Amino acid sequence: MLNSGKSPKNEAELLTRAQNLAGMSLGEIAASINVQVPKDLKREKGWIGLLLEQVLGASAGSRPEPDFPHLGIELKSLPINYQGKPLETTFVCVAPLTGLVGAQWQTSHIRNKISRVLWVPVISERTIPIAERIVGTAFIWSPSQEEEHLLALDWQELTDMIVLGDVENIHGKHGQVLQLRPKAANSQAKTQAFNRHGQPFMTLPRGFYLKTSFTQGLLNKYLRID
DNA sequence: AGCTGATCATTG
DNA sequence: CAATGATCAGCT
């Protein structure tokens, strides 16, 4: 069956298990581990990701470590349309707004986070009921030299702006492959940052997101779609 | 139709 | 509040 809930021993086992989900509907997967399927994701935006974590045996919780700590692999679900195109940007992690002086890409949280990722595409157009959405072929990725270079460039640009106190001037269009956008419960949420004069102030928490053109490239490269 | 600011649930 | 999981939804 699916070996639901058991932690995979190694990378090969994890990949095999994930690829065995290809062609299955979210309803079938949910039923196999006795999980109820919500009518929509308006109030459970992370439901698909959590479902995949459970069926693949990822460690639960919101701890700041990979989903599969012993394998050093992060799990990411990727919503795509029927043509295999990403429907959303991919959230990576919260962006630190303080303590960045002297920060290096090589030792950044985001680099560590995406050093090795198990991507699980899900045909997830909004017109398809949640239970009927189909899982695609999963693949494991690590950034190529070129990809890492692009990520590092964007990270440096965004981080420089934050360090200079310009975080509030950062918009979604900054960066070629990486974006800095709000990541909060609502627009009232606040976290500390520094302004252009080096004085602390409270601002909206931000997160790093991979643009759809970037994840599209991964799909093309690993799945030969298109 | 794509973008980007806004938002929801849960856990530690 | 921060970090986990992301998608929603209005505007251009």
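Atom set for the values below is all heavy atoms of this structure, side chains included, hydrogens, waters and symmetry mates excluded. Please read these numbers as outputs of a predicted model, since none were measured by experiment. Each chain gets a letter, A, B and so on, in the order the sequences are listed, and its residues count up from 1.
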Residue pairs, two or more places apart or on separate chains, that pass ring-ring contact (aromatic ring centres under 6.0 Å, His included) and touch residues 75-97 of chain A: A:F91-A:Y209
Pairs involving residues 166-203 of chain A, ordered by first then second residue, that meet ring-ring contact (aromatic ring centres under 6.0 Å, His included) (sequence neighbours left out): none
Stretch residues 156-193 of chain A: residues that reach within less than 4.0 Å of DNA chain B through a heavy atom: A:H171, A:G172, A:K173, A:Q179, A:R181, A:P182, A:K183, A:A184, A:A185, A:N186, A:S187
Nucleic acid contacts - residues 96-122 of chain A versus DNA chain B, non-hydrogen atoms under 4.0 Å: none
Summary of salt bridge (charged side-chain N to carboxylate O under 4.0 Å, His left out) pairs that have at least one residue in residues 182-204 of chain A, sequence neighbours excluded: A:D166-A:R196
Minimum heavy-atom distance between A:I162 and A:P96, given as atom pair plus value: CD1-O, 4.0 Å
Shortest non-hydrogen contact between A:S124 and A:I48, atoms and distance: OG-CD1, 3.8 Å
Salt bridge (Lys or Arg N to Asp or Glu O under 4.0 Å) involving A:E132 - partner list, sequence neighbours excluded: none
Between the first and last five pairs of the helix from B:dA1-C:dT12 to B:dG12-C:dC1, the angle of the axes, rounded to 10 degrees: 30°
Contacts of type side chain to side chain contact (heavy atoms under 4.5 Å, CB included), residue A:H70, not counting sequence neighbours: A:S7, A:F68
Partners passing side chain to side chain contact (heavy atoms under 4.5 Å, CB included) against A:E11 (at least two apart in sequence or in another chain): A:I73, A:R116, A:I140
Bounds of contact between DNA chain B and chain A, in 5' to 3' order, using a heavy-atom cut-off under 4.0 Å: B:dG2 to B:dT11
Inter- and intrachain pairs under side chain to side chain donor-acceptor pair (under 3.5 Å), touching residues 94-105 of chain A, at least two apart: A:W105-A:E148
Other ILVMFWY residues reachable from A:L50 by side-chain steps of under 4.5 Å: none
